[in-house]
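Letters A, B, ... mirror the listed sequences (proteins, then strands); counts begin at 1. The structure displayed is predicted, hence computed values, not measured ones.
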There are 2 protein chains.
Amino acid sequence: MSKSSEFMYPSKWNANASTGVRLACELRLRIISGVIQQGSVLSENKLAADFEVSRSPIREALKILASENIIRLERMGAVVVGLSDQDIKEIYDVRLLIETFVYERILKIDTSELVRELSKIREMMEVAIKYKDADEFSYQDVLFHETIIRSINHSYILLIWNNTKPVMESLILLSMRVRLEEKSDDFLRILKNHEIYIKAIETKDREIMIQALHQNFEDVQGTVEDLWMSQQMLTTEREQ
Amino acid sequence: MSKSSEFMYPSKWNANASTGVRLACELRLRIISGVIQQGSVLSENKLAADFEVSRSPIREALKILASENIIRLERMGAVVVGLSDQDIKEIYDVRLLIETFVYERILKIDTSELVRELSKIREMMEVAIKYKDADEFSYQDVLFHETIIRSINHSYILLIWNNTKPVMESLILLSMRVRLEEKSDDFLRILKNHEIYIKAIETKDREIMIQALHQNFEDVQGTVEDLWMSQQMLTTEREQ
DNA sequence: TTCTGCATACTTGTATACAAGTATGATAGT
DNA sequence: ACTATCATACTTGTATACAAGTATGCAGAA
């Protein structure tokens, strides 16, 4: 089952991280994409054999995934929980909650440096689109939102972000990879959405921010559908 | 430094947890209380020797504390970050954020069972006061809020709670232990506050909820002062 | 005195070994 | 046929071993 043969997670994103963290990223992506089916039970020994590492980093990875509610550590093995549609909606609840809070704080601070930074990221996204690089686009997308969140220097909001980021990142990455084939227009739409974000921060106009958040929220339904499609593809692959 | 001789964390709260989790609880409390001073560097080997366990559970504990931003894992040792006054305020920002979200959801569901559960906990708190049991009071206090949060069945809000709970719990525990000596009236005041919470949920009246949250928020300043006092006491102890 | 180079001791990250507990399945008895 | 019991293999949790890298401090030279 699911050897270490080919990795789904971009290796450059976590090249300097420890083996355990890298494994967590890989397993997370495989679980969320459905390559590792929910309900299945992972054993430390088996994973260690599959990935050709010892149990130590495997244990580290499983602890990480358990803290994200992606798996459930039980007496005999780690049960794969995965993400339901409900879960995905709930993640966006949290993101909305955080970003609303952050925006209220942003209204009170100088944002010229932030806007500059976000503009740079937006251009990076543009380049990623030009070269049809879904991974790079996803990376910049996540970075965009993280940059906004970091700007208010709130360690506990950042903590929440750090706890939800991995799943967000996985969802975005998988969604973008699917859309690259089918719906490349979406990339431009998302880019536009980010421009609205920047404008909202620049003008400090709540109305515009609500518009940006609203558009982003609409994208959730799309994400759910993409995930469903990706899992559907896997199922038919298995049946062949 | 800080042997395993006497534990600050109530052993019955985590008796069935693994050694690593127990150590994390203990270290967390020692750091937040100031027994382990911020800025100091913890070495896995030294901690393992102090607590007379191997490095495996120590590593687990350090990972947990690092994920809570209480320590910072560096190349050479874990640097104790601790909590600043700012951090404590920020934790309550998050708690306010969560509880507001939760309350909005609660307005839409049947709360009779929840109110019954909370009433039970409130009576437990009453008993804890009667027997001057600060630890038990703290436990029930945390449980009270967790019960409210769990009632809406939102896995990601619960995830955030789980990530902030340990620090909250530590703060409350330390604060209550100090107040038991000096300001026992505070216990009754907190009890009253929880009654308002129940009433707000029962009546589904936003005004009352705001009142409850507001009172709770005022308590933060008290917590900061208690922590300061507790650390002050430690400093004078060290000087003697 | 000050700077350079190196030996040393300590750090983490990973691999392996051991211990205790649990599900599984086969076997024997009814 | 069916149930109970026991051996076995597999699970996690903890301890230990090994490897690679880094700070420290001392010695020697300029």
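- One atom, CD1 of A:I58, and another, C1' of C:dG13, lie 14 Å apart when rounded to the nearest Å.
- Atom CG in A:L47 sits roughly 13 Å away from atom C1' in D:dT12 (whole-Å rounding).
- Within a 6.0 Å sphere centred on OH of A:Y103, other residues, nucleotides and ligands contribute more than 12 heavy atoms.
- B:Y156 and A:Q86 form no side-chain donor-acceptor contact under 3.5 Å, judged by distance and modelled atom types alone.
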Atom pairs, N/O to N/O, protein against nucleotides 15-17 of chain C, distance under 3.5 Å?
from	atom 1	to	atom 2	distance (Å)
C:dA15	OP2	A:S54	N	2.6
C:dA15	OP2	A:S54	OG	2.7
C:dA15	O5'	A:S54	OG	3.4
C:dA15	N7	A:S56	OG	2.8

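- Side-chain contact check for B:S138 and B:D135: no donor-acceptor pair (N or O, by modelled atom type) lies under 3.5 Å.
- The pair A:R122-A:E126 meets the salt-bridge criterion, with a side-chain N (NZ, NE, NH1 or NH2) lying under 4.0 Å from an Asp/Glu carboxylate O.
- At whole-Å resolution of the value, CD in A:E44 and C1' in D:dG13 are 9 Å apart.
- Within the structure, every side-chain polar atom (N or O) of A:N45 is placed at least 4.0 Å from both OP1 and OP2 of D:dC10.
- Remark: A:S18 is not in phosphate contact with C:dG13, judged by side-chain N or O atoms under 4.0 Å from OP1 or OP2.
- Proximity of A:R59 to the phosphate of D:dT12: no side-chain N or O atom is located under 4.0 Å from OP1 or OP2.
- Regarding B:M76, its CE atom lies at a distance of 11 Å from the P atom of C:dG13, rounded to whole Å.
- With sequence neighbours excluded, the residues that form a side-chain contact (heavy atoms from CB on, under 4.5 Å) with B:P166 are B:R28, B:E68.
- At a threshold of 4.0 Å, the pair B:R105-A:D93 counts as salt-bridged, since one of the basic side-chain nitrogens sits closer than that to a carboxylate oxygen.
- Going from atom CD of A:E74 over to atom P of C:dT22 covers 14 Å, rounded to whole Å.
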